[in-house]
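In the text below, chain A, chain B and the rest are named by the order of the sequence lines, each starting its count at 1.
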Number of protein chains: 2
Amino acid sequence: MTRSTKTRATMHDVAREANVSIASVSRFINGQTVREEIEPRITKAISSLNFKPNSAGRALRASKTQQICLSVPDISNPVYQTITKGVQNILNETDYRLMLAPRNMSVEENLALIDSLDSNYADGFIFLSLVDDPRIRKAFLKLSIPAVVIGNVEVHEEVDTIKVSSGAVELALTFLVDKYGGDVLFLNGPTSTIPGRNREKGFLEAMQNRGIDGTKHVVEAESFNVDAGLAALAKVKNISKYRSIICANDLLAAAALRFLSTLKIEVPNKIAVIGIDNTDLASVLSPALTSIDYKSEYRGELAAKFILDRLNDPTTAYRKISIAPELVERESA
Amino acid sequence: MTRSTKTRATMHDVAREANVSIASVSRFINGQTVREEIEPRITKAISSLNFKPNSAGRALRASKTQQICLSVPDISNPVYQTITKGVQNILNETDYRLMLAPRNMSVEENLALIDSLDSNYADGFIFLSLVDDPRIRKAFLKLSIPAVVIGNVEVHEEVDTIKVSSGAVELALTFLVDKYGGDVLFLNGPTSTIPGRNREKGFLEAMQNRGIDGTKHVVEAESFNVDAGLAALAKVKNISKYRSIICANDLLAAAALRFLSTLKIEVPNKIAVIGIDNTDLASVLSPALTSIDYKSEYRGELAAKFILDRLNDPTTAYRKISIAPELVERESA
DNA sequence: TAACTTACTGTAAACGTTTACAGTAGGAAG
DNA sequence: CTTCCTACTGTAAACGTTTACAGTAAGTTA
């Protein structure tokens, strides 16, 4: 059995078969009203020829690709998977397709990505970046399609922005200090990244507010993942002097739980652990991870909505919103 | 500061600026040799006009979109994230872009997806499905672009296929029985899915080989996720009579670990647990999960390679390959 | 009746590329 | 000198849509 090689039917073919003009076919397909009499003829021709409109023709003529590009720094991190899911939730209800951009951990990768968007393969752009740079800001200025930024990367004003308001670490710290006192360790990710920088700042300020110099309470992992977390913790001297650990994301928290379990240090009885992001991971770990919910799925949904709104109506006012983080208490603290 | 609204430069503009024909510009861009003298003129015009080729024009004329569509049944499942990562690894080295299809858990969603591919928005298709159906098989036959199937869904012969060879459960069982004896529980996902069906079959056969009727050793979760796993285990009478549990994927294994930890049943001392997929999750759980590695990232990479090979040379022989699963021993068994 | 309005329809021109084809210039071979 | 070859170039025609515009038929109003 060989596959049929015959070429696909075009709108011309449909028009001929239905004995109407190609314009009428196009109008019918795009939901405009046509003479009642010809409607069934077109429908019949479409199905008998198995016609499907060609995306490229459409994209070229109408300069709309029906594609949204989502940039994801690191697909291994569950927080980005959750955001992706949120974006999908919304796009699936529309006829937009989701393009996943190559990973963009570095400034250069980000620049290449933003640059490539000028090739008109997407109608909108949802931007997530771990890094910040004047060049990124500059590249963004030239971007020819609407964009939404999730996170704290700085770009120009004419962009919708979705942030998490800054009190997340404060929230965690209040909870821990109230319950377990001031001996808190902060396991951060790299401060060369935006979240690393911001979360450290949040921690130091929150400690300051309690009259404590937080600088000696911070250990920095080389990356936001489990291995880096384990490596960083291994360098902490006398870990049992701490009563609790705040981790800059759930993967680092997973590392902390593993590390403590290896040392047979009970969580939360000896040391309490709290994560940030509240990804799916949190409820899977044992003990289940108390974590600061960053509403990632919701942020993804919101980003998709913002893009769609702007594509529908380019004059929509630019929105800069902040989501309030929320502590979700489970077993680890 | 308002964004520039001027329209993008086209190849015509570049040709005019460089004082050559548009054909030469096109040829230069596509890597064909042009007169040495005009090369710098074109390069200069391109950069001064900031020209980027328009994807839609290209796609329409050459009928190549430079896009690969990947279908993912459920983006929440880490195994699909890992496969996606593998696909990305390969595509990132090329100028193909990755399209993530909407989730396709049901037969209808699959059919709609396969149907939509006739709209020519992708050059190749990597197909993953939890479900099987004659209609899917039939729809696949009409597909006009090359496809790779990952998994055991049945389609026609003219498709590259990547499976995991069937001995996975046998592998797990041998390991467990050798170590802990025959009191094994199999925590399966829904048998309405392909993996659910196959893994159950594998389990029953492997038990049969040992002269045991496995049917009473199986409990079926309603879905391949943690909540369903917990619910299913809650219904098992007298769980402590089992010495080990094989779980049909890592999420169900995570559920088992949680369940046992809640009951203060020590793993692996009282009951050993083994997962399937060996996703990132496995090394994060405590105790770290022993799991059957399905080489998901590799399968993703392979799928991408197969598609690219076929796009390069459509006469490539169709490949049907089986990956050998491998047991990765950690703490839980 | 004519004049106007309403509600469509068809023709043809885009959109920005790639590429078949014919053409040309320069050098080598005879 | 002519002929042939090589290596490139430019013209123009696609690819499959959408849409401005002009046209038309039927209905309404005067």
Item to complete: Give the first and the last nucleotide of DNA chain D, reading 5' to 3', that has any atom under 4.0 Å from a heavy atom of chain B.
Response: D/dC8 to D/dG16
Discussion item. Quiz question: by atom type and distance under 3.5 Å, do the side chains of A/Asn120 and B/Ser55 form a donor-acceptor pair?
Written reply: no
Tell me what [X] touches on the nucleic acid: a base, only sugar-phosphate, or nothing, going by heavy atoms under 4.0 Å.
| X | value |
| --- | --- |
| A/Ile22 | base |
| A/Ser24 | sugar-phosphate |
| B/Ser26 | base |
| A/Asn30 | sugar-phosphate |
| A/Thr33 | sugar-phosphate |
| A/Phe28 | nothing |

Worksheet item: B/Arg27 or B/Pro53: which one's nearest nucleotide on DNA chain C is closer to the 5' end?
Response: B/Pro53
How long is the span from the [atom1] atom in [X] to the [atom2] atom in [Y], to the nearest 0.5 Å?
| X | Y | atom1 | atom2 | value |
| --- | --- | --- | --- | --- |
| B/Ser129 | B/Ile114 | OG | CD1 | 7.5 Å |
| B/Thr316 | B/Tyr318 | OG1 | OH | 9.0 Å |
| A/Arg299 | A/Lys163 | CZ | NZ | 12.5 Å |

Item to complete: Identify, between B/Ile38 and A/Ala23, the residue whose nearest nucleotide on DNA chain D lies closer to the 5' end.
Response: B/Ile38
Fill in: Contact check, side chains of B/Leu98 and B/Thr84, non-hydrogen atoms, under 4.5 Å
yes
Practice prompt. Sort out for me which residue in B/Thr315, B/Leu311, B/Asp309 forms a side chain to side chain contact (heavy atoms under 4.5 Å, CB included) with B/Asp313.
Written response: B/Thr315
